[in-house]
Amino acid sequence: MVVMDKCEKVLELARRRGFFTIASELYGGVAGFLDFGPLGTLLKKRIEEKWRQVFIKQHQDFIFEIETSVVMPSKVFEASGHVEHFTDFIVECSKCGRKFRADHLIEEQVEDITGLEGMTPAQLTNIIREHHVVCPECGGELEEVQTFNLLFKTAVGPYTENIAYLRPEAAQGMFVNFKHLYYALRERLPLGLAQIGKVFRNEISPRQGPIRLREFTIMEIELFFDPENPSCSLLDRVENEVLRLVPEELVAKGVFEPVEVKVREAVEEKLILTEWQAYFMALATKFVEELGVPQKAQMFIGKPKEERAHYSAQTYDQMVKLDRWGWVEVSGHAYRTDYDLAGHMKFSGEDLRVFKKLPEKIVERKLIAKPRMQVLGKLFKEKAPLMANTIRESDPKWLREALEKGSCKIGGFEISKDCVEFVEEEVEVTGRRFIPHVAEPSFGAERLTYVALEYSYTEREDRVVLKLPRDLAPIQAAVFPLVSKPPLTEVALQIADVLRSLGYYIDYDDSGSIGRRYARVDEVGVPLVITIDYQTLEDDTVTLRDRDTWKQVRVPIKAVPEALERFLKGARLEELGVPV
RNA sequence: GCGGCCGUAGUCUAGCCUGGUCUAGGACGUCGGCCUUCCACGCCGAGGACCCGGGUUCAAAUCCCGGCGGCCGCACCA
């Protein structure tokens, strides 16, 4: 007997019964990609739907689901920082061939060195040469530092210079659409944009089956809020719920034991920087619990700065304990500040700030730099409007001082005194402009699908029973005639038809023994089986069998749809009929 | 990408060392039939595999080389 760990058993079940399997398997398979079969497709959809329920539908006044393009032009990811930062520095040992993260290696071997993140590979190579950084394994000399970018690259149309990337997160689709959606949604903050969709990351070597993927489904919200009014009005709904946190400071000390704090306390003690993050973390706990993971098998780990993504001021990763892989991240909760909108403002030249009225208008004397368009137009042609914006946005005092000394470089171009007119004006200030800040919860749907399977996988008498939460079950009920003979089969088919017409996924099976059929549906988590037996022919009743207890009750055929609905919503079997 | 181990039906496995009765054997599952009044019953039958490419040889699942893929470790991450 081969001993299988739980993960292997789950993967075996997933493959054998058509939940999911490695993609392109016909040609050997490609690590990091999954193909979902019928049951897996349904299960994943149910998980997505539950997420939608918890995170979007309950907030439909201010969180809106959108769907944006997977392929985005290079500029988007230059602005977002992904082209530059979504990379690893790799350096190879010339002697033993091992590869290392170059920046980590330098930090280990050179004292008091920081700021490696913004450097070029050449600079890092120089540091390695200067400080004689060597291979930590064999002491051999290191080769040139190289970068590896995790973005998948492609080209739009037949023009190879028209570089685009597959998005590594759905977030950028929300940021680039922020401005017009903000107006379409009537200029209100807080505003949440949500998205469920595919994202792509060219991981160097994904080895963890369905856990580490190169293509996966992200479920993400970008919650835009006013940094001067960052409170979350819904926080009191969850303020007494407990979060299991390992704050950054503890992580830095190597402590991975969570502390249990109430949501409100976590905010007051500044363990969590924004109320919105705290609110979403409370929802995330509940959401993952409803997928079958008890709270004690969950925690949030604070990411120290050097481990955070380039855009994040604070990140908590929601971790779930898995049988083989230990604590695995299922969601990330990042405080992205104004990083992304500021970046897109800079690269696009669009003003992505929002305007908010003050309670009373204020009159201010103000120096204003007015661009002289006649001059700018001649000098800069089509770039003139861009220059005008740059002039308006620059600090007028600074600009005037600089121009009085002659010319000045701004926005990459040289301008002279006659490009700008300075006027002192009384201005009515009726409001302020600012870049909204963003709190982002982000979940991986495939991981959660695996997690739900692992947590529901049980064995009973050498059989597999998949105790999925009833509302996640891909197939909601099965209908079996006790033996495969009319009229039992006919009655069973009628019941199956009725339930199907009501919108349920129903398995009908009349093959082999009844025991085998029960076993088959237990294995894929069908919560309820309706069995038609000889008594049905006498009194129009059928039995309902509970997957988890194997107990049965008897109900009239007419009562079956309502009984199923109540059962799926959590009713106990005994409430539905007469015990057999 | 590196190192170690590995690759035979859907799954598990026999065979490989010592090349040839291998037309590749078995078990479970699947499908069809018979049987069957509640938890993988029994009987009969069917379908289904040597990772890919090259080499050695009269002859390759078996020996050699290369590739691909998997698992474990290093590194990275939702």
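All values reported here derive from a predicted model rather than from experimental measurement. Letters go in sequence order (proteins before strands), and every chain restarts at 1.
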Rounded to whole Å, please give me the gap between [atom1] in [X] and [atom2] in [N].
X: A:Phe33; N: B:G70; atom1: CZ; atom2: C1'; value: 16 Å
X: A:Phe148; N: B:A75; atom1: CZ; atom2: C1'; value: 12 Å
X: A:Asp317; N: B:C77; atom1: CG; atom2: P; value: 10 Å
X: A:Glu25; N: B:A9; atom1: CD; atom2: P; value: 11 Å
X: A:Arg517; N: B:C39; atom1: CZ; atom2: P; value: 12 Å
X: A:Leu11; N: B:C12; atom1: CG; atom2: P; value: 12 Å
X: A:Lys9; N: B:U11; atom1: NZ; atom2: P; value: 18 Å
X: A:Glu8; N: B:C12; atom1: CD; atom2: C1'; value: 12 Å

Give [X] one of three labels, base, sugar-phosphate or nothing, depending on what nucleic acid heavy atoms sit under 4.0 Å from its own.
X: A:Arg15; value: sugar-phosphate
X: A:Val580; value: nothing
X: A:Ile211; value: base
X: A:Arg16; value: nothing
X: A:Glu523; value: base
X: A:Thr531; value: base
X: A:Arg545; value: base
X: A:Ile514; value: sugar-phosphate
X: A:Ser511; value: nothing

N/O donor to acceptor pairs below 3.5 angstrom from side-chain atoms of residues 549-556 of chain A, sequence neighbours left out:
{"from": "A:Thr549", "atom 1": "OG1", "to": "A:Asp546", "atom 2": "OD2", "distance (Å)": "3.3"}
{"from": "A:Thr549", "atom 1": "OG1", "to": "A:Lys551", "atom 2": "N", "distance (Å)": "3.2"}
{"from": "A:Trp550", "atom 1": "NE1", "to": "A:Asp522", "atom 2": "OD2", "distance (Å)": "3.3"}
{"from": "A:Trp550", "atom 1": "NE1", "to": "A:Arg547", "atom 2": "O", "distance (Å)": "3.1"}
{"from": "A:Gln552", "atom 1": "NE2", "to": "A:Tyr518", "atom 2": "OH", "distance (Å)": "3.4"}
{"from": "A:Gln552", "atom 1": "NE2", "to": "A:Thr543", "atom 2": "OG1", "distance (Å)": "3.1"}
{"from": "A:Arg554", "atom 1": "NE", "to": "A:Gln535", "atom 2": "OE1", "distance (Å)": "3.4"}
{"from": "A:Arg554", "atom 1": "NH1", "to": "A:Thr541", "atom 2": "O", "distance (Å)": "3.4"}
{"from": "A:Arg554", "atom 1": "NH1", "to": "A:Thr541", "atom 2": "OG1", "distance (Å)": "2.7"}
{"from": "A:Arg554", "atom 1": "NH2", "to": "A:Asp533", "atom 2": "OD1", "distance (Å)": "3.3"}
{"from": "A:Arg554", "atom 1": "NH2", "to": "A:Asp533", "atom 2": "OD2", "distance (Å)": "2.5"}

Pairwise [atom1] distance for [N] and [M], with rounding to whole Å:
N: B:C74; M: B:C65; atom1: P; value: 29 Å
N: B:A14; M: B:A61; atom1: C1'; value: 12 Å
N: B:A59; M: B:U23; atom1: C1'; value: 16 Å
N: B:G32; M: B:G7; atom1: P; value: 35 Å
N: B:U13; M: B:A49; atom1: C1'; value: 12 Å
N: B:G3; M: B:C41; atom1: P; value: 49 Å
N: B:C52; M: B:A60; atom1: P; value: 15 Å
N: B:C64; M: B:G20; atom1: P; value: 15 Å

Check if the side chain of [X] and the base of [N] share a donor-acceptor pair of N or O atoms closer than 3.5 Å.
X: A:Glu461; N: B:C39; value: no
X: A:Arg516; N: B:C41; value: no
X: A:Arg463; N: B:C39; value: yes

Given the ring of A:Phe36, does A:Lys44 sit roughly above its face, with NZ or CZ under 6.0 Å from the centre of the six-membered ring and within 45° of the axis?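 Yes.
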
Is there side-chain contact between A:Val529 and A:Phe480, with at least one heavy-atom pair below 4.5 Å?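 The answer is yes; the side chains approach within 4.5 Å.
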
Answer whether the closest heavy-atom distance between the side chains of A:Leu482 and A:Ile532 falls below 4.5 Å.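 No, too far: nothing below the 4.5 Å cut-off.
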
Options [options], nucleotide nearest the side-chain atoms of [X]:
X: A:Arg447; options: B:U37, B:C77, B:A40; answer: B:C77
X: A:Arg212; options: B:U11, B:U36, B:C77; answer: B:C77
X: A:Leu150; options: B:G70, B:C76, B:C38; answer: B:C76

Taking both distances under 3.5 Å as the test for a Watson-Crick or G-U pair, what stems of at least three pairs does RNA chain B have?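 Stems found: B:1-7 with B:68-74, B:10-13 with B:25-28, B:30-34 with B:42-46, B:51-55 with B:63-67.
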
A:Val293 vs A:Val451, test: side chain to side chain contact (heavy atoms under 4.5 Å, CB included). Steps then yes/no. CA-CA 8 Å; A:Val293 185; A:Val451 164; 3.4 Å; yes

Is [X] near enough to [N] that one of its side-chain N or O atoms lies under 4.0 angstrom from OP1 or OP2?
X: A:Arg214; N: B:C76; answer: no
X: A:Arg201; N: B:C76; answer: no
X: A:Arg324; N: B:C72; answer: yes
X: A:Ser513; N: B:C41; answer: yes

Exam field: side chain [X] to backbone [Y], donor-acceptor pair closer than 3.5 Å:
X: A:His85; Y: A:Gly81; result: no
X: A:Gln277; Y: A:His333; result: yes
X: A:Arg517; Y: A:Pro481; result: yes
X: A:Thr21; Y: A:Arg15; result: no
X: A:Lys303; Y: A:Asp317; result: no

Does the separation of the ring centres of A:Tyr165 and A:His82 fall below 6.0 angstrom?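 Not under 6.0 Å, so no.
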
Between A:Phe20 and A:Tyr450, does the ring centre distance come in under 6.0 Å?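 Ring centroids of A:Phe20 and A:Tyr450 are no less than 6.0 Å from each other.
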
Please write out the pairs of protein N or O atoms and N or O atoms of nucleotides 46-53 of chain B separated by less than 3.5 Å, giving the distance to one decimal.
none

Please compare A:Ala31 and A:Trp550 by the position of their nearest nucleotide in RNA chain B and report the one closer to 5'.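 Nearest-nucleotide comparison on RNA chain B picks A:Trp550.
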
Would you kindly compare A:Lys485 and A:Asp522 by the position of their nearest RNA chain B nucleotide and give the one closer to the 5′ end?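 Nearer the 5' end of the strand: A:Lys485.
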
Going by atom types only, do A:Gln295 and A:Thr285 share a side-chain donor-acceptor pair under 3.5 Å?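 Judged by distance alone, the side chains do not pair up.
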
